[in-house]
2 protein chains.
Amino acid sequence: MNPPSPQISRMEDVAREAGVARVTVSRALSHPDKVSPATRAAVRAAIERLGYVPNLTAGSLASKRSRIIGAIVPTLCNSWFADAMDGLAETLGAAGYQLMLGQSGYHIDQEAGLVEAFLGRKVDGLILTGVVHAPSVRERLRRNRLPVVEIWDMTDDPIDTVVGFSNLLIGEAVAGYLLQRGHRRIGFIGANEIRSGKRAQGLRQRLQAEGIGVAEATPVTPPSVIEDGARGLAELLALEPQLQAVFCSNDTLGVGALFECRRRGLQVPQDIAVVGFSDLAIAAACVPALTTVQVNSRELGRRAALVLLQRLGSAPAEEAAPSRVIDLGFQIIEREST
Amino acid sequence: MNPPSPQISRMEDVAREAGVARVTVSRALSHPDKVSPATRAAVRAAIERLGYVPNLTAGSLASKRSRIIGAIVPTLCNSWFADAMDGLAETLGAAGYQLMLGQSGYHIDQEAGLVEAFLGRKVDGLILTGVVHAPSVRERLRRNRLPVVEIWDMTDDPIDTVVGFSNLLIGEAVAGYLLQRGHRRIGFIGANEIRSGKRAQGLRQRLQAEGIGVAEATPVTPPSVIEDGARGLAELLALEPQLQAVFCSNDTLGVGALFECRRRGLQVPQDIAVVGFSDLAIAAACVPALTTVQVNSRELGRRAALVLLQRLGSAPAEEAAPSRVIDLGFQIIEREST
DNA sequence: ATGAAAGCGCTAACAC
DNA sequence: GTGTTAGCGCTTTCAT
């Protein structure tokens with residue numbers, strides 16, 4: 001791990017320097033109250049003098065607790081996942097845990113590989129994005145009884161715990177919103193990815209109940225860029241020239257759709273209404289400002305961390321009893337694009 | 001045959017199952033070519049049968065290589081850092097390394113704490129944001145001879161290696177750009193943070209050379225939000241009603257400044273020119289589109305990873321000889337706001 | 001309150 | 001090629 005270094009001191013050295021046994025140093029560090037103030041001071045001084053840094057790898061091996069939490073997100077370039085990791089890392093860090101981060105690239109088997117790697121690293125807990133995973137992953141994690149929090153979607157049957165919101169309900173809610181505003185010819189621009197698919201499904205279900213079909217653009221390969229949204233809208237207009245409203249599976253696509261409208265001289269929202277998802281800063285900043293579905297990513301990360309800490313017995317006292325399913329909900333933010 | 005073992009199997013168990021010694025299993029895993037195809041197969045089969053997952057903690061302790069890289073950024077909610085981490089994690093992951101992530105919250109001593117924690121975790125290498133660190137950090141890392149890459153700024157004297165761009169030169173370049181377009185009354189809206197300060201300094205230096213001063217808004221506390229930019233512009237206009245141009249230390253502030261202009265009926269760029277920094281998606285999407293300074297965050301992360309892998313001897317062959325200072329440069333992207 | 005003994009699960013020499 | 005012998009640096013019991 002460390003390249004040939006001058007002299008890294010071990011606990012043994014601290015013990016000698018302080019005139020105590022190794023265990024005493026260990027205790028002074030991990031259970032300070034189980035050591036007399038005098039020895040504690042002596043040990044602290046020795047540590048200071050030697051610039052001793054405890055080897056947590058050795059500690060983890062012996063104690064079987066790593067104080068590492070693994071988290072797997074599809075990608076960090078989507079700022080909603082980045083925000084969630086921000087909240088997660090902050091809360092975990094405050095509790096003395098470290099965050100090990102992996103990116104699945106939206107691939108379930110890349111996720112499975114990371115899970116295996118993290119299990120090998122002996123993480124104390126795991127955060128997984130979504131509720132759909134490789135079967136081996138579900139099974140192994142359940143057998144292990146490892147604290148796991150699935151985020152960013154909803155299910156009745158989590159591996160262990162889920163903290164998120166229902167993508168299906170979001171789709172339905174947007175459908176309801178658009179129906180209520182009198183739209184009938186509705187399109188969807190989404191990504192080739194599970195949770196986007198669920199939002200599409202929600203939209204479809206609700207509209208079907210009214211006997212309305214949905215025009216769907218070819219799903220884009222994530223991460224989405226603005227141009228994808230523009231292309232999507234063009235595709236939809238070719239399919240359905242009378243299009244009255246579009247639900248875009250994320251704000252980036254939404255902004256792209258707005259661009260394409262402008263390019264074609266279509267008035268938003270008069271000619272066509274646009275709804276996004278996730279409420280990025282860009283949604284409020286673009287013109288016309290984008291109506292969207294807001295979810296609080298940082299808070300989601302924070303809550304996920306708290307649930308994990310609770311399961312690990314290091315939770316801040318404030319938090320209540322553990323619940324296996326925590327639905328943080330969502331909110332439609334109405335702006336100029338509808 | 002055997003029901004899922006409640007016990008986690010160790011290398012010993014695999015060895016027994018395969019009828020070989022522990023080392024052989026170890027070798028089959030880490031140096032497959034040093035083991036006969038037959039035993040290799042036997043070992044693989046045993047591993048499969050037992051669902052064995054190697055304990056990398058134990059491995060790290062014994063081998064003194066953790067295959068973990070620590071990275072510290074101020075925060076992940078700024079998508080430029082998130083993008084860099086994305087590139088970093090992707091490249092490291094492909095080489096079999098795991099990323100341990102910490103957030104300094106822009107505080108040098110929080111960074112120092114994380115560095116210590118990471119050293120205790122025996123990371124094989126470290127990524128640090130910026131070139132200004134606690135003295136203890138510089139000294140300790142240098143003594144350790146730990147592979148370190150500083151990113152997101154430039155220096156002649158890195159702890160070990162630096163991969164980034166010069167924030168100072170960016171400030172100067174923006175000043176030059178604005179001067180060349182005939183602006184003389186120039187303002188700056190920045191954050192209360194080192195690298196933003198360097199961009200301000202660059203701007204100031206270059207303008208001073210022409211005998212021009214800079215109107216500076218009160219630095220905002222990061223992470224910046226759009227409203228900060230609006231407030232900043234208001235403050236500048238109070239200071240200097242004749243303001244002709246503003247350099248905003250990041251695109252979020254820039255968009256905020258654009259908002260405030262619109263609110264006041266100021267024409268951009270006719271009445272006032274606005275330049276941002278970092279080229280977020282929002283810069284291209286807002287109206288008028290924001291002229292900005294582009295840096296490629298993902299690529300920066302990727303390069304940092306490659307440098308680290310090189311120092312660790314696991315670099316993809318393609319990459320050339322190590323250089324301690326890698327300047328990736330920047331580019332002014334001209335849009336409608338100037 | 002402190003210490004002695006016994007590992008945690010793995011890898012690195014060095015033999016054979 | 002494969003096995004034997006020693007640890008890696010720390011945290012547990014369990015005594016004292």
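Residue numbers start from 1 in every chain, and the chains themselves are labelled A, B, ... in the order their sequence lines are given, proteins ahead of strands. Bear in mind the structure is a predicted one, so any value in this text is a computation, not a measurement.
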Shortest non-hydrogen contact between A:Thr75 and A:Cys77, atoms and distance: OG1-N, 2.9 Å
For B:Leu99 and B:Ala89 the tightest heavy-atom approach is CD1-CB, 3.9 Å
In sequence, state the C-alpha distance, the side-chain angles, and the governing distance for A:Leu300 and A:Trp152, and then conclude on side chain to side chain contact (heavy atoms under 4.5 Å, CB included). CA-CA 8 Å; A:Leu300 186 93; A:Trp152 214 262; 3.2 Å; yes
Can you tell me if the side-chain N/O atoms of [X] get under 4.0 Å from OP1 or OP2 in [N]?
| X | N | answer |
| --- | --- | --- |
| B:Thr24 | D:dG3 | yes |
| A:Lys64 | C:dG9 | yes |
| A:Tyr52 | D:dC10 | yes |
| A:Ser63 | D:dT12 | no |

Residues B:Ser36 and B:Thr39: side-chain donor-acceptor under 3.5 angstrom: yes
Look at [X] together with [Y] and state whether they make a salt bridge at an N to O cut-off of under 4.0 Å.
| X | Y | value |
| --- | --- | --- |
| B:Arg311 | B:Asp160 | yes |
| B:Arg302 | B:Glu90 | no |
| B:Arg143 | B:Glu139 | yes |
| A:Asp86 | A:Arg298 | yes |
| A:Arg142 | A:Asp157 | yes |

With A:Tyr97 as reference, evaluate A:Leu312, A:Thr91, A:Ile68 under the side-chain contact (heavy atoms from CB on, under 4.5 Å) test and give the passing residue.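 The single option meeting the side-chain contact (heavy atoms from CB on, under 4.5 Å) with A:Tyr97 is A:Leu312.
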Whole angstroms only, please: what is the [atom1]-[atom2] distance between [X] and [N]?
| X | N | atom1 | atom2 | value |
| --- | --- | --- | --- | --- |
| A:Leu29 | D:dG9 | CG | P | 16 Å |
| B:Lys122 | D:dG9 | NZ | P | 8 Å |
| B:Leu56 | C:dC8 | CG | P | 18 Å |
| A:Ile8 | D:dC10 | CD1 | P | 10 Å |
| A:Arg16 | D:dG9 | CZ | C1' | 14 Å |
| A:Leu61 | C:dG9 | CG | P | 7 Å |
| B:Glu12 | D:dT4 | CD | P | 11 Å |
| A:Asn55 | D:dC8 | CG | C1' | 8 Å |

For B:Arg22 and A:Val53, find the nucleotide of DNA chain D closest to each by heavy atoms; which residue's nucleotide sits nearer the 5' end? B:Arg22
Closest to the B:Ser30 side chain: D:dG9, D:dG3, C:dT11?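 Taking heavy atoms from C-beta onward, the closest nucleotide is C:dT11.
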Side chain of B:Val23 only, heavy atoms from C-beta on: which candidate in C:dG3, D:dC10, D:dG3 is closest? D:dG3
Where along residues 31-48 of chain A does a heavy atom come under 4.0 Å from DNA chain D, residue by residue in number order?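 Here the set is empty: none.
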Filtered N/O pairs between nucleotides 14-16 of chain C and protein, under 3.5 Å:
none

